[in-house]
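Only one structure is covered here, and it is reproduced in the block below.
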Amino acid sequence: MTTAREAAPAEAGAPPASCPADGHDPLGCQLSRRRLFRNAAVAGTVVAAGAALAACGSGPSKPSGPTTLGKSSAIPVGGGVIFAAQDVVVTQPAAGTFKAFSATCTHLGCQVNTVARGLIQCPCHGSMYSIVDGSVKAGPAPAPLPPERITVRNSEIVLDG
């Protein structure tokens, strides 16, 4: 048998038949405009935060095994070169002394992009690191750049994997 409520078309603005008709709404059957916009704002914030974190933390992956980066003569004394694909920065703080560090900033994971005036620089928030030991020279980076293992063989710089 069909009840009058089931047979009658739903009135405009009326809750679905599965929701209580007495106005008591413990399950949130009626979605107010305010609640809809609040939920949309929360969802948008979550999506934006996830995208931002993914962008900052998604750098190049480290190669496995030894990888030749290039000629040692390409690394300027008192400067360095960033090998973005391998996520490593190689410096030459003094003639014939080569150092290597991760090219990922310890602040939020951006890749450093400049080596100048004895500093490795991050473009995202201005962190700066020493070309000698990777130590933080200007924040907001909380920690030094982690060292990487390299060797110089026949004037070639090799990243040890």
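Just so it is clear, the structure is predicted and the values come from calculations on it, not from any experiment.
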Are the side chains of [X] and [Y] in touch, meaning some heavy atoms are under 4.5 Å apart?
X      : Y      : result
Val115 : Val81  : no
Ser72  : Val90  : no
Cys122 : Asn113 : no
Thr97  : Gln92  : no
Phe101 : Glu148 : no
His125 : Leu108 : yes
Ser127 : Pro140 : yes

Identify, with sequence neighbours excluded, every residue that meets side chain to side chain contact (heavy atoms under 4.5 Å, CB included) alongside [X].
X      : result
Arg149 : Asp160
Thr68  : Glu156, Val158
Ala116 : Thr114, Gln121

Could you tell me whether a side-chain N or O of [X] sits under 3.5 Å from a main-chain N or O of [Y], the two making a donor and an acceptor?
X      : Y      : value
Gln111 : Ala84  : yes
Thr91  : Pro93  : no
Thr106 : Ala143 : yes

Mind listing the closest non-hydrogen atom pair of [X] and [Y] along with its distance?
X      : Y      : result
Ile150 : Ala100 : CG2-CB, 3.5 Å
Gly134 : Tyr129 : O-CD2, 3.3 Å
Ser130 : Lys137 : CB-CE, 3.6 Å

Path from [X] to [Y] over hydrophobic side-chain contacts below 4.5 Å:
X      : Y      : result
Ile82  : Val77  : no
Val112 : Leu119 : no
Ile131 : Met128 : no

### Query
Would you say the SG of Cys110 sits under 2.5 Å from the SG of Cys124?
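The sulfur gammas are closer than 2.5 Å, so yes.
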